[in-house]
Amino acid sequence: MITSDNWSYIIGRMRSYDAVVVGGGHNALVAATLLARAGRSVLVLERGDAFGGAAVSATVFSGFDARLSRYSYLVSLFPPLLLRSLGVSVELRRRRIAAYPPVEHNPAWGNMLARVAERVFPTLTEPLRTREDMRRLLDDDAAWSALFETPLSDVLERTFADDQTRGTVLTDGLIGTFAPADDPLLRQNRCFLYHVVGGPWNVPVGGMGALSSALAAAARGAGAELQSAAEVVAIATDGRSAEVRCADGRSYAARHVLAGVAPHMLAELLGQPAPADKPEGAQLKVNMLLRRLPRLRDVSSEEAFTGTFHVNEAYEQLAEAYRQASAGEIPSRPPCEVYCHSLTDPSILSAELRARGVHTLTLFGLHMPARLFADAGAKDRAIAATLRSLNDMLAEPIEECLLGLEALTPRELEAGLGMPGGHIFHRDLAWPFAESEEEVGRWGVETEYANVWLCGAGARRGGGVSGIPGHNAARAVLERF
Ligand SMILES: Cc1cc2nc3c(=O)[nH]c(=O)nc-3n(C[C@H](O)[C@H](O)[C@H](O)COP(=O)(O)OP(=O)(O)OC[C@H]3O[C@@H](n4cnc5c(N)ncnc54)[C@H](O)[C@@H]3O)c2cc1C
C-alpha cells in the first residue's frame, strides 16, 4: 500500500503522462485519440500483441489466407459523426438482405423503433439526462412503457402473432445476455434497446480489424503512445495522481487513468475486494471456413446467408433453451444466428480462396452461459449440439463444407480478452440515462476516484463496437484538466 508520505517521491521518479489508458480495445483507442488531439500526453497499455480487443481480425485457420472478424463482426452503434471526427474512413457496408427466414412485417412496430432510435441515439454522446427527461424526449408513452418499463415479452406477445417473428425480434434482446423474455430486471429490454437504436447492422469492409487498425493509426497519429505486451497488474491512486504498474515491473505515473478493461477487472487492479456479482457471458462464438456454402432446401445459400440467418430462434425455442441452460444443461437445439461476411465483403479472403469459392461463416450461439462450461467435455458437447441445430436448417450437413472451425466459450473469452465471465459487454448493459441524482449531467464513466474513469464497454452507454464510452471518457477527463 502506498502512503501519502512516499507518494510524491514514487510518482516523481516514473515516466509521467497526463493519461494512462489501461487496455487497448477499440474504445481505449478512441479515448486516447481524443485526449492526444487535445494536447494531452497519453500512454495506452495493452496486454495482448494487438490493439482492438474484441474488435479485431485474425487469420484463424493456418494455411488459409482468410482474415476473420474473430469476435465482433457487425457495426451499428458507432456514431458516423464520431468516426468522421476521428478521421477514420472504414466503409460500413449495408447487407443486401437483413434476415432469413423472413418475418411478419409490422409498419407500426418499425415506425416506433425508428422514432426511439432517432431520439435516443444522439443522446448517447451527451451528458446523462434524468430518466424523466429521456421519457419526455421520447414523447411516446406507448414506446416508453413497452421498451423501458415492462418486460419485452408483453409487447412482443401483443404485437406479433407468429412464434418465429416473436423469436427473431427477441434475439436482439438476448445477444450476450442470459435472460428470459419476461425477465423482471429488464436486462433483455436494455440489450434490445442497444440493438435497435443505432440503425442497421453493417459489415465493416476489411473486417473488424480494419476498423481497429484505423483507430490505432488515428491514436498514434494524434501523438498517443501505444504499448502492446504490457499487462497492467495494479493501479494505485490518491484521487489526484496515480501509478499504473505492469507485469514486467515497469510503472507509469498518470494524472488520470482510463480503464478500457471491465469494471470487475478495474476493481481487482485497484486492490478492491472482488465484487460479489461477477458478470457472466452467455454465448458460444463459432468461426467457420467453408469450401463452399451449404445447400438449403428452398432458398439459395447466397440469399439466406447474406443477412442474419436465424436457427431455432422461434419464441418458444428460445424459452426452452433458456430453461435448459438455467437447469445447467447445454440446450438440446441451441438457438443461434449465422452470417456470411465474405458474401458482402470478399476482401477478407485472398484471391486464391475467392476463386475457389471459399466462404466464412460466423455463428453466434445464444443461451450458452459460462456456468455450462465447467467440465472438460462441455465445449465439445456444445459444439456438437450447435452444429446439429444448424443442420436442422440445411439440405446437407455443414460438416460436408467445413475447412476449419474455431469455437470460443465464455471462459475462453475471459482468458483471451479479460472479459469477466466472458461477458461481451463487460457487464449487463445499463439504461442510457442517469439512475441516480449524482449521475445527472455526468458522462456515465465516473468511478469512486476523481481521476479514474471507465472508457470501455462497462461504462453506462458502453457495450458493442461503438466508440461511445471512449468518447464520453475523453470528454469527462478534458473537463477536469
Ligand atoms: C464473440 C463476440 C461477438 C461480438 N459481436 C459484436 C458485434 O457483432 N457487434 C458489436 O457491436 N459488438 C459485438 N460484441 C461486443 C463488442 O465487441 C464489445 O462490447 C466491445 O468490442 C468492447 O470494446 P472495449 O474497447 O470496451 O473493450 P475490449 O474489446 O474488451 O478491450 C479490452 C482490452 O483490454 C485488454 N486488457 C484486459 N486486461 C488487461 C490488463 N490487465 N492490462 C492491459 N490490457 C488488458 C484486453 O486484452 C483487450 O484488448 C461482440 C463481442 C464478442 C466477444
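Just follow the structure's listing: the first ligand is 1, and inside any ligand the first atom is 1. Residues take their numbers from the sequence shown, with the count starting at 1.
Listed by number with element, the atoms of ligand 1 under 4.0 Å from a non-hydrogen atom of Val261 are 34 (O), 36 (N), 37 (C), 38 (N), 39 (C), 45 (C). Of all atoms in ligand 1, numbered sequentially from 1 with element shown, those under 4.0 Å from a heavy atom of Trp201 are 9 (N), 10 (C), 11 (O). For ligand 1, the atoms sitting less than 4.0 Å from at least one non-hydrogen atom of Phe364 are 3 (C), numbered in the order shown with element in parentheses. The contact set between ligand 1 and Leu413, taken as ligand atoms under 4.0 Å from a residue heavy atom, comprises 53 (C). Atoms of ligand 1 lying under 4.0 Å from any heavy atom of Leu45, numbered from 1 in the order shown and given with element: 43 (C), 44 (N). With ligand atoms numbered from 1 in the order given, ligand 1 contributes 26 (O) to contacts under 4.0 Å with heavy atoms of Gly456. Remark: ligand 1 atoms within the under-4.0 Å shell around heavy atoms of Gly53 are 29 (O), 31 (O), 48 (C), 49 (O).
Below 3.5 Å of separation, one finds no N or O of Met419 facing any N or O of ligand 1. Taking any N or O of Arg47, backbone or side chain, at least one lies under 3.5 Å from an N or O belonging to ligand 1. Geometrically, ligand 1 and Glu46 share a nitrogen or oxygen pair separated by less than 3.5 Å. Considering backbone and side-chain atoms alike, Val465 places an N or O below 3.5 Å from some N or O of ligand 1.
Closest to atom 40 (C) of ligand 1, if we only count protein heavy atoms, is Val232 N, 3.8 Å. Protein heavy atom nearest atom 17 (O) of ligand 1, with residue, atom name and distance: Ser72 CB, 3.3 Å. Scanning the protein for heavy atoms near atom 31 (O) of ligand 1, the closest one is Gly25 CA, 3.4 Å.
Gln272 and Glu448 share a donor-acceptor pair across their side chains, judged by distance under 3.5 Å alone.
Assignment of Gly422 to the shell around ligand 1 is not supported, since no heavy atom sits closer than 4.0 Å. At least one heavy atom of His426 sits less than 4.0 Å from an atom of ligand 1.
For the side chain to side chain contact (heavy atoms under 4.5 Å, CB included) test with Leu83, the passing option among Leu211, Val75, Val30 is Leu211; the others fail.
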Exercise for review: Give the intermediate values and the outcome of side-chain hydrogen bond (donor to acceptor under 3.5 Å, both in side chains) for residues Glu479 and Trp443.
Suggested key: CA-CA 11 Å; Glu479 283 176 4; Trp443 290 94; 3.1 Å; yes

